[in-house]
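Shown next, in structure tokens, is the structure this report addresses.
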Amino acid sequence: MRGRAMITAAVALAGLAMAACGGPAPAGPDDGVLTLAAPRDLVAGPQDPYYTHQTLRVWEPLVTVDQRLRPVPALATSWTGADGGRRWTFTLREGVRFSDGTPLTAEAVVANVRRLLRLAPRQSPFFSLDAGMELAYGRLSDVRAEGGKVTFELERPVADLPGRLAGFFSMVQSPRAFTPAGDFAGGPVGTGPYVLTGWVKGQRAELAANPHFHGAAPAYKKVVVKVIPDANARVAALRAGEVDGLIDKGALLPGQVAAVGGGGHTVVRTPSVLTHYLTFNASRKPFADPRLREAVDLAVDRRTIAGTLLAGTARPGAGFLSPVFGDLAEPSVAPAHDPARARALVEAAGRPAEPVTILVSSGETGQFPYTDIAEVLRAAFARVGLPAKVRVAEATKAVMEAGDYDLFLSAYSVPNGDPDYLLRRFLRSDAAWNTERRLGYRSEEFDTLVDRAAAEADPVRRRELYHRVQRLLAADRPMIPLAYQDNPIVTSDRIGGVEQNVAYIVDLAKLTPLR
Amino acid sequence: MRWLLRRAAETVLVLLALSVLVFSLAALTPGDPAEEILRRGGLQPTPAAVAALRAELGLDRPLPAQYAGWLLDVVRGDLGRSYADRSPVGAEIMARVPATLRLAGAAALVAVGLALTVSLWAALRPRGAVGRVVAVVTVAVAGVPPYIVGILLISVVAVGLRALPTGGDGAPEAVVLPALTLGLAGAATLLRLLRADLAQAVGQPFVKLAAAKGLPARRAVVVHALRLAAPNAIAATGVVLADLAAGAVVVETLFAWPGIGQLAVSAIRQRDLPVVQAYVLLTGLATVLLLALADLCLTAADPRVRRR
Amino acid sequence: MRGRAGLVLLALVVACCGLTPLLSPYDPHLPDPARALLPPGGRHWLGTDQLGRDLLTRTAVAGRTSLLFALAVTGITTALGTVLGAAAGLAAGPSDRLLRFAATVALALPGLTPALALAGVLPPGPGAVLAALVPFGWVSCALVAHTATRRVAASGYVLAARAMGASPLYLLRRTVLPHIAGPVLTVATADLARTLVAVTSLSFLGLGLPPPETDWGGMVSEAVPLLVASPRPAVVPALALAVTGLAVALVVDSRDPA
């Protein structure tokens with residue numbers, strides 16, 4: 001009798017133990033359904049300018065970028081510039097329909113451009129529409145539809161309008177998707193291979209093949225993209241077979257890359273537009289003093305950061321523009337690591353009375369080992385006589401606008417190969433980023449050079465101007481690049497056709513099940 | 001009946017006090033909410049815009065009026081809008097309730113199941129080595145934070161044996177580790193109560209009599225002793241369940257479980273006051289109702305309570 | 001017996017946390033990426049973490065912080081609870097009912113909930129940790145002190161002292177406190193265990209001390225992202241906290257009359 005009680009208890013415990021250890025074997029991917037995970041929500045919702053990230057392939061832009069950030073056709077098959085860059089005409093792909101069945105017309109494209117300009121300055125978790133957007137595009141005087149083509153008339157010449165529009169800024173969706181105010185009335189209605197069929201904010205996005213897609217139908221009829229912000233949980237989900245792959249910016253922490261390769265998974269690592277920068281608050285002491293900015297530059301050991309902390313998934317930073325910008329990147333900028341000189345500079349400039357604050361966004365710590373990098377920076381600064389403290393904050397924007405930081409460690413990326421996006425948006429003397437976030441960078445020389453480069457039509461002279469800009473930035477140091485990040489993503493060996501472009505967009509429509 | 005009325009009045013009073021506490025969180029927050037909202041919306045907070053938003057949100061009214069308005073909204077189910085993206089807080093929380101309930105439910109099963117099994121086992125053989133080991137383990141688990149138990153479970157089961165996912169809410173078996181982590185703590189509390197009660201109950205003359213009359217020991221314990229120990233266990237279960245709901249915060253964070261707790265932690269990091277307020281209010285409400293329910297069950301099981 | 005084992009264990013932990021930083025040649029906060037994730041060996045007894053910091057030294061320093069914070073919070077709440085509880089017990093009447101009501105409200109916010117709410121609105125730092133844990137921490141101690149005081153207050157010698165016109169302060173100090181010290185100490189030990197859990201939980205959630213200061217919860221949370229690749233930096237502080245928790249729980253258990 002006692003025995004039976006024991007048995008009952010034992011069975012109960014064993015059941016629990018089995019539940020804990022065994023569990024059903026992880027199911028293989030359903031035929032036709034692909035499950036992926038990303039560290040952030042790739043859907044931003046009806047108030048967002050785009051509703052979804054480009055990588056979900058719900059909508060397509062007029063122009064997109066290739067592996068070297070050069071503009072290549074998407075919905076526009078070709079384009080021509082005239083009048084020294086004052087008029088640009090885009091020819092549209094034929095036979096394209098939106099997912100609601102209506103055809104893509106030049107008028108629809110015009111409506112989209114007008115909407116984006118009207119929405120500015122609207123924030124987006126992807127690429128915000130800045131107040132300076134229209135200015136950046138050369139002051140649009142008119143955009144019109146003519147015989148199936150779209151023509152942009154600009155007040156100022158722009159050498160590479162297609163390059164500037166590439167990606168998010170030339171998104172096209174059905175005009176019927178928008179309310180008069182410019183928000184989305186319902187879901188997104190694009191021309192891409194997929195349509196958004198379900199979205200649970202912060203948790204998952206569900207895609208289904210678009211029956212009206214103009215290209216070859218994708219191999220996976222359904223795609224689920226889960227949001228798993230926690231780096232550890234992402235890898236766990238991958239190993240458990242719960243997801244077939246991890247995509248998007250920061251899909252894998254550098255320290256995890258070695259651990260997930262093999263065992264049925266393949267890591268694809270490609271250079272990306274993502275660069276880690278250290279931004280100075282030069283609007284107040286101590287970094288208003290250029291000697292101390294130089295001291296920081298010399299104290300930072302970029303090789304250790306790239307090689308050890310980022311586990312070799314990044315290359316040490318040098319010029320302001322990363323090598324993915326091709327020949328626009330200035331190769332002659334070569335920062336030194338010289339703690340002794342840094343210490344001398346600190347002594348000459350005078351030790352700051354209070355420790356400097358290194359600000360890190362908690363959102364980015366799930367994508368990159370920023371708390372670790374900040375710790376190493378703190379120690380390196382302390383060694384040259386510059387005591388520092390680390391602050392991890394969720395709302396870094398508010399902290400910066402309050403001027404309550406000295407250094408900001410963060411990663412920036414660009415939607416396309418337009419250097420003007422970074423330079424004008426972040427560092428021009430009147431840039432919102434520069435003024436509101438208290439960067440305190442004021443340089444007439446820089447402003448003039450950036451304006452000239454943006455309007456320069458001759459590619460050689462343009463390149464030379466951008467090189468000069470970068471040499472100037474290397475001397476002024478409003479922001480210093482720490483490392484150029486590769487973006488490692490990982491997928492199951494059962495998936496073929498995995499390619500990632502430099503803007504970490506994986507073409508979901510090209511993925512195919514193997515075997 | 002009068003007892004019931006008094007209990008109900010007391011519950012309402014506690015809820016009111018709770019609502020005052022939650023409302024006053026806003027007063028502790030540095031800065032102006034209107035300015036905060038504008039900033040996060042990407043707009044420069046000009047004095048005019050701030051004043052307009054303050055009027056819209058009713059922040060220009062005296063505090064008691066603000067509180068009354070807020071309470072009325074809450075009672076109607078309107079928990080305000082999130083600072084971060086202006087979405088309704090109520091909907092956001094409701095979307096996450098099922099995940100938390102699933103986790104808490106599974107954890108409660110683990111806690112109650114484990115506590116019952118082990119305590120019966122121990123009561124049947126009061127001097128056995130197993131009983132002593134269980135007693136020590138119970139004490140140990142009670143002193144260790146759940147997330148530490150979770151880390152150790154992840155290291156052994158998920159990383160070492162690669163048997164289960166370390167987090168997320170995808171596969172059905174993903175609930176096992178978080179539920180085990182959360183349930184163990186609850187089981188420890190329950191067990192301590194049940195253990196003492198059962199030991200006491202087994203020693204009672206009528207249980208001994210029943211056993212002497214030839215009733216099998218198992219039945220003697222289960223029928224008589226368990227009924228005797230039940231009132232305390234019911235009261236304890238109420239407390240333990242409330243603890244589970246509260247403890248879910250840490251466990252959800254560790255296991256990346258998409259429940260209310262995870263939402264609350266991210267809201268706290270973002271200083272998203274309306275979400276934090278809603279979380280505290282909801283936890284308080286659930287706890288008060290749970291405790292009241294436990295009280296009710298207790299009265300049904302043991303009429304003596306009513307006379308106290 | 002178990003209580004003594006707990007005390008010995010606790011003494012060991014305290015000694016480790018107190019002495020290691022003094023004896024160790026390593027700086028607990030100074031990263032040395034070249035020595036990252038070394039396995040345990042002669043120079044680093046427990047190996048190094050992902051930034052090449054000695055894990056033993058770091059765990060000990062973090063432990064010191066955890067224990068000090070838990071002690072500080074418990075000290076404040078115990079003092080506050082004892083005084084409030086004893087005062088309410090002596091005064092009886094409405095203050096009595098007020099205390100009971102406060103306890104019921106506190107019961108409605110279980111576990112970390114009130115601390116989370118406060119940590120969510122206060123600016124981060126050591127002060128916030130204290131402010132988050134004190135306002136609701138004193139209640140259990142006050143209840144125990146209250147009950148014990150009521151029992152003492154009904155006894156002959158307190159009645160006698162009162163009849164002789166002793167001031168309330170005198171009563172509190174000379175007659176009540178000595179008699180309620182036992183139960184208060186018991187509840188204080190239990191509170192210490194709870195506070196240790198709460199303090200480290202807040203740090204684990206990233207709401208505790210800002211870096212480089214860290215406690216066991218903070219160390220665990222720092223190392224969790226790399227748990228799959230290298231569990232040691234998370235497991236070592238986790239075990240340290242588990243052992244401490246066990247020690248305190250053993251002491252609590254031995255004092256518990258149930």
Side-chain angles (χ1 to χ4, degrees), chain B residues 10 13-15 17-18 21-22 25-26 28-30 135-136 138-152 154-155 158-160 166 192-193 196 239 242-250 253-254 264-265 267-269 271-273 275-277 279-280 283-285 287-288 291, chain C residues 2 5-6 101-102 104-105 107-114 116-123 131 135 193-194 196-198 200-202 204-207 216-217 220-221 223-224 227-229 231-232 234-235 237-254 256 258:
Chain B
E10 195 185 298
L13 214 59
V14 169
L15 285 178
L18 200 65
L21 284 180
V22 169
L25 275 180
L28 286 172
T29 317
V136 173
T138 312
V139 171
V141 169
V144 180
Y147 68 94
I148 294 294
V149 176
I151 293 273
L152 300 178
I154 290 179
S155 317
V159 180
T166 64
R192 274 181 41 184
L193 271 152
V239 176
D243 268 350
L244 283 187
V249 180
V250 181
T253 306
L254 175 62
V265 169
I268 288 166
R269 291 195 187 141
R271 323 229 132 212
D272 196 340
L273 184 65
V275 181
V276 177
Q277 281 180 318
Y279 167 74
V280 177
T283 314
L285 183 68
T287 311
V288 168
L291 292 184
Chain C
R2 267 189 231 150
F101 187 68
T104 320
V105 175
L107 203 63
L109 293 173
L112 273 182
T113 317
L116 282 178
L118 287 168
V121 294
L122 300 171
R194 244 200 319 274
L196 188 63
V197 171
T200 54
S201 297
L202 280 182
F204 173 73
L205 295 174
L207 305 169
W216 283 329
V220 170
S221 116
V224 157
L227 196 55
V228 176
R232 196 165 27 87
V235 169
L239 278 178
L241 179 50
V243 168
T244 315
L246 170 66
V248 180
L250 282 174
V251 178
V252 174
D253 193 52
S254 71
D256 196 349

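Since the structure is predicted, the reported quantities are computational estimates derived from the model, not experimental observations. A note on names: the letters A, B, ... follow the listed sequences, proteins ahead of strands, and every chain is numbered from 1.
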Problem - Which portion of B:V280 sits near chain C, non-hydrogen atoms under 4.5 angstrom - result: both
Problem - Nearest-0.5 Å distance that lies between atom OG1 in B:T253 and atom CZ in C:F204 - result: 6.5 Å
Problem - Options B:V250, B:L15, B:L285, B:V288, ranked by heavy-atom pairs under 4.5 Å with chain C, top entry - result: B:V250
Practice task
Counting only heavy atoms closer than 4.5 Å, note whether C:L207 contacts chain B via side chain, backbone, both or neither.
Solution key: side chain
Practice task
For the residue pair C:L112 and B:V249, establish whether any side-chain heavy-atom pair is separated by less than 4.5 Å.
Solution key: no
Exercise for the section: Name the region of C:A242, side chain, backbone, both or neither, that has any atom closer than 4.5 Å to a heavy atom of chain B. Expected result: both
Handout entry: Working for side chain to side chain contact (heavy atoms under 4.5 Å, CB included), residues B:I151 and C:V224
Key = CA-CA 8 Å; B:I151 293 273; C:V224 157; 3.5 Å; yes
Completion exercise
Comparing C:A117, C:P114, C:A193 against chain B, the one with the most heavy-atom pairs below 4.5 Å turns out to be C:A117
Completion exercise
If one checks every heavy atom of C:V248 against chain B at 4.5 Å, the contacting part turns out to be neither
Problem - Spacing of CD1 belonging to B:I268 relative to CG belonging to C:L202, to within rounding of 0.5 Å - result: 8.5 Å
Handout entry: Candidate pair B:I148 and C:W216, rule side chain to side chain contact (heavy atoms under 4.5 Å, CB included), full reasoning
Key = CA-CA 10 Å; B:I148 294 294; C:W216 283 329; over 6 Å; no
Problem - chain B contact via C:L107 - side chain, backbone, both or neither, heavy atoms under 4.5 Å - result: both
Handout entry: Segment of B:V276 engaging chain C (4.5 angstrom heavy-atom cut-off)
Key = side chain
Practice task
Mind ranking C:L205, C:T104, C:L109 by heavy-atom pairs under 4.5 Å with chain B and telling me who comes out on top?
Solution key: C:L205
Completion exercise
When the 4.5 angstrom heavy-atom criterion is applied to B:L291 and chain C, the contacting part is side chain
Fill in the blank from the handout: Comparing C:L116, C:L246, C:V235 against chain B, the one with the most heavy-atom pairs below 4.5 Å turns out to be C:L116
Problem - C:T200 backbone acceptor or donor facing B:Y147 side chain under 3.5 Å - result: yes
